[in-house]
Amino acid sequence: MHPALQALFVIVIGVGGCVFYFYASNLFLDKVLYPARGPNAGRNTNRANMIRPWLFLFPAMALLCLYLAYPVFATAWLSILDREGNFVGLGNYTRMFAEPKFVESLQNNILWLIVVPAAATAFGLLAAQLTDRIKWGNFAKSLIFMPMAISFVGASVIFKLIYDSRDANLSQIGLINAVWLKFDGGVGSFLMLRLVPFVLIGCLFLAIVWAGWALLRPLLQGQGGAALVKAGRVLGALVAAFLAYELAIWLFGIVTNELPYGQPQVWLQKRYWNNFFLMAVLVWIQTGFAMVILSAALRGVPEDTIEAATIDGANPFQIFFKIKVPQVMGTIVVVWTTITITVLKVFDIVLAMTNGQWETQVLANYMYDKLFRSLDWGMGSASAMIIMLLVTPILIWNVVNARKEMR
Amino acid sequence: MKTKLLVSAAALALVAGGATAQDLKFPVGEGAFNWDSYTAFDEAFNLDGQSLTIFGPWRGEDQVLVESLLAYYTAASGVTVSYSSSEGYEQQLIIDAEAGSPPDVAVLPQPGLIADLAKRGFVTPLPAETATWLSENYGAGPSWAALGTYPGPDGTPALFAFPYKADVKSLVWYSPDNFEDAGYAVPTTMEELKALTDQIVADGGTPWCIGLGSGGATGWPATDWVEDLMLRTQPPEVYDRWVSNELPFNSPEVVAAIEEFGYFAKNDSYVAGGAAAVSSTDFRDSPKGLFSSPPQCYMHRQASFIPSFFPEGTELGTDADFFYFPAYAEKDLGQPVLGAGTLAFIMKDSPAAQSFMEFLKTPIAHEVWMAQTGFVTPHTGVNLELYGSAALKKQGEILANATTFRFDGSDLMPGAVGAGSFWTAMVDYVGGKSAQEVADAIQASWPK
């Protein structure tokens with residue numbers, strides 16, 4: 001049969017089948033099972049109305065089970081079988097955790113999870129606030145939003161060109177290297193590569209130390225609320241301490257590094273840093289998303305609270321951090337968690353730019369590697385299960401917050 | 001009106017497409033082709049109305065070439081062929097096979113992957129006499145038959161795949177003009193090649209262009225280097241044991257071969273852009289350094305397909321030429337040649353699929369592609385005068401003069417190594433890790 005004819009068939013049968021199912025099952029319920037006549041007419045109507053929603057939900061729920069629940073169980077089952085289909089229990093998991101490449105993917109994923117949602121949300125909030133009052137704000141917003149329309153692979157190709165590197169005596173087509181080669185170690189280089197980054201990173205360092213302190217302070221003063229909140233505060237402070245430690249190393253590096261001026265750099269092969277170069281792609285794409293949602297939330301902040309704060313003599317920073325941000329906190333959390341879920345799934349960017357080489361492997365790409373390169377369905381499924389375990393709590397938190405927002 | 005116009009345009013496009021597919025590149029009966037084999041096949045098979053899907057690695061220009069060949073098969077047998085390919089075709093084929101919708105016939109350049117598919121019951125074994133046919137009609141026939149023979153689902157070995165289209169890998173490309181200007185001679189031994197490398201550095205030039213970049217497959221060109229050097233430092237039996245992991249990857253023999261590659265690639269003055277540029281340069285861009293002025297490098301070791309990536313207008317034989325990647329004079333291992341090639345196998349059995357495998361045995365199935373470009377064959381029944389260029393003929397001669405022929409080792413290894421950790425490890429090696437370190441990592445990744 002011609003494919004077009006087949007498609008037509010499917011459409012007719014599919015749509016017709018749906019209409020038939022709803023019409024016929026409804027008819028069956030009302031006329032045969034619980035007819036609204038005879039001695040029990042009232043009771044029958046009530047019963048029919050109790051069943052009706054489930055009747056209408058049934059096809060969707062059945063399909064959800066088929067497309068969502070079944071694959072989860074099938075994956076869980078595959079993850080405890082080896083290549084030959086023999087039962088190995090948790091063997092795949094222990095093998096996986098012993099593999100350096102898996103540990104590397106886990107570490108990189110954690111790095112992605114800390115940096116990308118934070119950066120994208122922060123930039124998005126900044127862009128939303130700054131473009132709110134200016135005349136060409138909408139134009140600026142569309143420019144920032146535009147990357148959302150580009151596929152991950154397309155964006156990766158663009159950034160791959162930006163990071164491109166070729167021999168020093170050829171002209172560079174990579175933007176970053178073209179700029180890099182302008183630095184020669186003089187005053188300009190000192191300003192741009194030492195002083196400015198030092199001040200910026202230093203500010204970030206102080207901000208994170210302050211945030212960590214702010215989280216811990218109530219605990220030290222003997223308050224801090226419920227046990228769960230206390231645990232959250234300690235966890236937050238630990239993350240802040242880790243970030244502060246990393247940033248301190250960066251600061252030390254900025255001051256002491258010998259920079260190879262005049263040498264084009266292969267950015268994507270600089271271990272540790274190349275992770276950040278990959279993250280830049282996702283931040284670039286996701287900032288627009290964060291900005292749009294947050295800008296809508298900022299518009300929803302009641303004018304009178306801002307007016308009251310202005311009359312009380314608050315400066316713009318106070319208005320932003322003490323009036324607006326607390327009021328849009330719910331939205332910030334939703335945006336943050338949504339981006340977090342995207343980050344856990346990140347695959348295309350890594351595949352297109354480095355394929356996990358040079359220590360940039362992430363979980364989703366690792367899974368693909370195990371499934372389709374090694375043909376090891378057991379280990380691939382095991383890593384898929386790990387990703388699911390990581391995504392699920394964030395997903396639940398996201399849904400809870402989104403529902404809170406809607407109320 | 002508008003719909004009518006669109007419909008007729010679409011119909012016209014369909015008809016036009018059909019018409020070009022039917023055009024035969026070389027008229028039947030003309031030229032030095034082996035037309036007898038074509039008419040014999042035409043008479044033996046009459047499968048009008050049947051159809052066949054073929055999935056292969058050839059895309060772009062190669063797709064045009066393979067379709068020009070498939071037109072002959074269609075004309076002779078009456079089977080409608082739809083050929084398709086895709087970026088990442090290996091993964092695509094695995095997905096299709098697992099999903100239960102494989103093509104009728106698939107073509108892959110990785111015997112290791114085909115062995116895996118055969119073991120899981122996705123491949124239909126070929127008739128037993130095909131193995132005998134290969135032994136008798138292919139140069140170094142038994143080794144080609146062995147290449148397509150794997151254990152089936154029940155563990156008994158059988159011939160599953162038919163080797164078709166070979167590639168010669170042990171080639172070093174250079175620009176004859178540049179060699180002449182500098183007064184260099186083509187080296188015939190590895191010792192001479194190393195001396196020439198030093199000579200070029202002493203003269204202020206850069207001897208080699210090496211690029212390992214290949215997107216998600218970055219690193220594979222280095223595996224060819226290591227395999228070629230393995231054949232030049234060890235007897236072929238050691239190579240076979242290495243490929244099957246009877247000889248562990250981190251044995252001194254293999255580590256020495258990796259270090260031999262490092263001799264060329266990890267020396268800043270030997271490679272264009274320095275050692276750091278090796279893994280970042282795309283293998284498709286790398287040979288262009290031969291033709292820049294002044295030349296960025298003088299030599300480039302790469303397989304027979306690389307002229308597709310030479311700058312436009314490069315004339316093979318005059319602007320660019322190649323020589324055999326030489327063997328050590330002192331080691332007495334003969335003239336080993338590293339090669340590769342594609343193998344066709346049946347995934348959905350049908351009379352049409354069987355007839356296509358029969359078609360691949362006919363000399364004409366080789367000659368049509370030979371007479372165009374980019375095709376070398378070990379088939380001994382073909383007219384060698386038909387090779388489309390002197391370069392192809394010379395490659396055929398290298399293949400013929402080889403004392404040892406071995407298939408690309410990384411394609412024979414399990415996918416996890418041959419298309420995974422081996423690549424990554426070579427990038428790590430060029431990036432600064434030691435040969436022993438990366439060899440240990442590859443050995444650890446070998447599936448047990």
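Quick note on labels: first sequence line is chain A, next is B, and so on, each numbered from 1. It should be emphasised that the depicted structure is a prediction, and the values quoted were computed from it without experimental measurement.
Per-residue heavy-atom pair counts under 4.5 Å with chain A were compared for B:Gly431, B:Ser279, B:Pro447, B:Ala441, and the maximum is reached by B:Ser279.
No part of B:Ser421 comes within reach of chain A, as not one of its non-hydrogen atoms sits under 4.5 angstrom from that chain. For B:Thr424, the parts lying under 4.5 angstrom from a heavy atom of chain A are both the backbone and the side chain. Contacts of A:Trp267 with chain B are absent, with no heavy-atom separation under 4.5 Å from either backbone or side chain. Looking at A:Arg95, there are no atoms closer than 4.5 Å to chain B (heavy atoms on both sides), in backbone or side chain. Looking at A:Lys370, there are no atoms closer than 4.5 Å to chain B (heavy atoms on both sides), in backbone or side chain. With a 4.5 Å cut-off on non-hydrogen atoms, B:Glu98 touches chain A through its side chain but not through its backbone.
A pairwise comparison of heavy atoms in A:Phe372 and B:Ile94 identifies O-CD1, 3.7 Å as the closest pair.
Residue B:Lys266 places its NZ atom among more than 12 non-hydrogen atoms of other residues, nucleotides or ligands, all under 6.0 Å distant. Heavy atoms of other residues, nucleotides or ligands lying less than 6.0 angstrom from OH of A:Tyr70 number 12 at most.
Residue B:Asp428 holds its CG atom at 7.0 Å from CD of A:Glu359, rounded to the nearest 0.5 Å.
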